Amino acid sequence: MTATSAGILTIGTYRPDRIVSNSELIPELGVDEEWILTRTGISERRFANPDETVISMAVESARAALVAADIPPDQVDVVILATSTYTDQTPAAAPAVAAQLGCDHPAAFDLTAGCSGYAHGIGQAAALINAGQADNVLVIGSEKLSPYLDRTERGVAPIFGDGAGAALVTRTETGHIRKTVWGSDGSRSRLIRQEPHWEDLLAPPGAGLPNLRMEGTEVFRWATTTVPRIVTEIAAAADIPLSDVEVFIPHQANLRIIDGVARKLGWNNESVVVADDIRHTGNTSAAALPLAIDDLVKSGRAKPGQLALQVSFGAGLSYAGQVFDLPKVA
């Protein structure tokens with residue numbers, strides 16, 4: 001095991017109250033509920049209300065993480081906000097989140113790496129702490145995807161949801177976050193994208209927001225063939241055998257992908273606990289991993305202190321993951 005001094009102390013989350021069932025989506029999609037469930041594994045997801053934003057959800061999840069850790073906001077050195085749905089290019093959302101939390105002028109910046117943004121943030125937080133640049137870092141994934149969904153697009157509309165999750169990464173006596181494995185395959189950038197481009201919306205009035213587009217079949221093939229290799233690299237970077245992993249937290253992209261990856265790794269529910277929060281939350285992009293951890297611990301399927309491996313992947317195509325000791329949740 002590669003020992004470091006950075007560990008995830010607590011996880012806080014925010015789930016919008018509005019639950020959207022498959023039955024609510026089928027009139028515009030022209031399919032039945034079983035069609036959605038069979039292809040995605042999702043029975044419901046959460047959609048944010050108009051007054052809930054990327055910033056407000058991020059604040060609520062981060063506040064929960066801080067309260068659970070009993071660490072005041074003014075002790076936070078860095079705020080990293082992973083999101084792809086905050087529409088202002090400048091200023092970034094993270095400084096506003098830090099201010100609303102009551103942090104004392106921390107470094108604060110947004111991270112845009114698609115669905116893998118949170119895992120990228122965990123890697124950056126660990127590096128900052130291990131380099132002596134920070135003692136306490138908030139890593140937040142917050143997404144409001146619902147406004148960018150074409151409700152008639154079967155490959156996108158049933159999959160995504162809204163929510164936020166935050167991790168408080170801090171200096172610990174023994175290392176908990178092992179070496180991050182991350183990378184990208186830009187040759188496949190077109191597989192997950194927004195259309196039209198923002199530039200195309202500048203001229204025509206009332207053109208609306210760009211919609212999320214995805215080549216689902218190609219993403220499925222890439223994920224089920226490539227992610228098992230990435231998971232193997234993550235375990236190797238942590239200097240542990242795959243058999244030591246007790247909890248597997250894959251990106252909550254699609255239940256068929258999750259099952260396919262676990263099967264190729266030789267894992268089943270008897271040998272490794274596999275997160276499946278997507279069933280009731282949908283794919284929340286950068287918020288998916290902390291929400292999945294929250295679900296595992298609160299349901300009792302996993303316990304703080306267990307050895308966990310997380311991996312996320314998405315637009316870019318970018319990916320990131322690491323081995324860590326499961327934290328407590330708010």
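Just so it is clear, the values below take in all heavy atoms, side chains as well, and ignore hydrogens, waters and symmetry mates. All of these numbers come straight from a predicted model, not from anything done at the bench.
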Expected output: side-chain K179 to main-chain Q322 donor-acceptor under 3.5 Å
no
Do V231 and V245 land in one hydrophobic cluster if side-chain heavy atoms of ILVMFWY residues count as linked below 4.5 Å?
yes
Between N283 and S285 the two heavy atoms that sit nearest each other are OD1-N, 2.8 Å
Report whether Y86 and L138 are members of the same hydrophobic cluster (ILVMFWY, side-chain heavy atoms less than 4.5 Å apart, transitive linking).
yes
Taking only Lys NZ, Arg NE, NH1 and NH2, and the carboxylate oxygens of Asp or Glu, determine whether R15 and D277 approach each other closer than 4.0 Å.
yes
SB check R18 E24 (cutoff 4.0 Å):
yes
Please lay out, stage by stage, how T170 and N136 fare under the test side chain to side chain donor-acceptor pair (under 3.5 Å).
CA-CA 5 Å; T170 188; N136 298 305; 2.6 Å; yes
Can you tell which of D295, L309, L289 makes a side-chain contact (heavy atoms from CB on, under 4.5 Å) with I249?
L289
Under 4.0 Å between a Lys/Arg side-chain N and an Asp/Glu carboxylate O for K144 and D162?
no
Restricting to non-hydrogen atoms, name the atom on A286 and the atom on G114 that form the minimum distance, rounded to 0.1 Å.
CB-O, 3.9 Å
Atom CG of D88: over 12 foreign heavy atoms under 6.0 Å
yes
Carboxylate-amine/guanidinium proximity below 4.0 Å for E60 and R63:
yes
Before you tell me yes or no, could you show the steps for T40 and L255 under side-chain contact (heavy atoms from CB on, under 4.5 Å), namely the whole-Å CA-CA distance, both residues' side-chain angles and the distance that decides it to 0.1 Å?
CA-CA 6 Å; T40 67; L255 193 59; over 6 Å; no
What I'd like to find out is whether the side chain of I42 reaches to under 4.5 Å of the side chain of L37, using heavy atoms alone.
no
Non-hydrogen side-chain atoms of V247 and L296 separated by less than 4.5 Å
yes
Would Q252 and I159 count as a side-chain contact (heavy atoms from CB on, under 4.5 Å) here? Give the steps.
CA-CA 10 Å; Q252 303 295 291; I159 296 174; over 6 Å; no
Verify whether one side chain among S23 and E33 offers a donor that lies under 3.5 Å from an acceptor in the other.
no
To check you understand the geometry: which heavy-atom pair defines the closest contact between V76 and P106, and what is its length?
O-CB, 3.5 Å
Excluding Y14, membership of its hydrophobic cluster (Ile, Leu, Val, Met, Phe, Trp, Tyr; side-chain heavy atoms within less than 4.5 Å) reads M57
Distance only, no hydrogens: is a donor on one side chain within 3.5 Å (strictly under) of an acceptor on the other, for E143 and T83?
yes
Verify the distance criterion only: is there a donor paired with an acceptor across the side chains of S5 and N130 at less than 3.5 Å?
yes
Under 4.0 Å between a Lys/Arg side-chain N and an Asp/Glu carboxylate O for R171 and D77?
no
Taking A68's backbone N and O only, do any of them form a donor-acceptor pair with T10's side chain (distance below 3.5 Å, no angle check)?
no
Counting distance only, does the side-chain N/O of D110 pair as donor-acceptor with the main-chain N or O of A93 below 3.5 Å?
yes
So, do I293 and F324 sit near enough that their side-chain heavy atoms are less than 4.5 Å apart?
yes
Taking all atoms of both residues into account, what is the closest heavy-atom pair of A62 and I140, and its distance?
CB-CD1, 3.8 Å
Kindly indicate whether the side chain of V261, heavy atoms from C-beta on, has any atom under 4.5 Å from the side chain of P250.
no
Could you tell me whether a side-chain N or O of S142 sits under 3.5 Å from a main-chain N or O of V54, the two making a donor and an acceptor?
yes
Can you tell me if D74 uses its side chain to pair, donor with acceptor, with the backbone of C103 under 3.5 Å?
no
Are any side-chain N or O atoms of T85 and backbone N or O atoms of L145, one a donor and one an acceptor, separated by less than 3.5 Å?
no
Given 3.5 Å as the limit, does a donor-acceptor pair link the side chain of S184 with the main chain of G186, or not?
no
Taking a hydrophobic cluster as the set of Ile, Leu, Val, Met, Phe, Trp and Tyr residues connected by side-chain heavy atoms closer than 4.5 Å, whether directly or through intermediates, do I257 and L265 fall within one such cluster?
yes
Taking every non-hydrogen atom, the tightest pair across A65 and A166:
CB-O, 3.9 Å
Are V274 and V227 in one and the same hydrophobic cluster, where Ile, Leu, Val, Met, Phe, Trp and Tyr link if side-chain heavy atoms are under 4.5 Å apart?
yes
Measure the shortest side-chain to side-chain distance between P304 and P327 over non-hydrogen atoms and say whether it is less than 4.5 angstrom.
no
For the residue pair E28 and T152, confirm or rule out a side-chain donor-acceptor distance under 3.5 Å.
no
Heavy-atom closest contact (H120 atom, A113 atom, distance)
ND1-CB, 4.0 Å
Hey, is the main chain of E52 close enough, under 3.5 Å, to the side chain of N49 for a donor-acceptor pair?
no
For the pair V139 and L168, evaluate side-chain contact (heavy atoms from CB on, under 4.5 Å) and give the outcome as yes or no after the intermediate values.
CA-CA 6 Å; V139 179; L168 179 64; over 6 Å; no
Indicate if I234 and V272 have the same hydrophobic cluster label, given that clusters are the connected sets of ILVMFWY residues with side-chain heavy-atom separations under 4.5 angstrom.
yes
How far apart are the C-alpha atoms of T13 and S61, what are their side-chain angles, what is the distance that settles it, and do they pass the side chain to side chain donor-acceptor pair (under 3.5 Å) test?
CA-CA 4 Å; T13 59; S61 65; over 6 Å; no
With a 4.0 Å cut-off, would you call R256 and D259 a salt bridge?
no
Show, in sequence, the C-alpha distance, side-chain angles and deciding distance for D185 and R188, and conclude whether the side-chain contact (heavy atoms from CB on, under 4.5 Å) test is met.
CA-CA 6 Å; D185 184 357; R188 291 179 167 85; 2.4 Å; yes
Are W182 and Y319 close enough that their ring centres sit under 6.0 Å apart?
no
Ring centre gap for H251 and F313 strictly below 6.0 Å
yes
I'd like to know if the side chain of T53 reaches the main chain of S56, judged simply by a donor and an acceptor atom lying under 3.5 Å from each other, with no hydrogens or angles considered.
yes
Does T226 use its side chain to pair, donor to acceptor, with the backbone of W222 at less than 3.5 Å?
yes
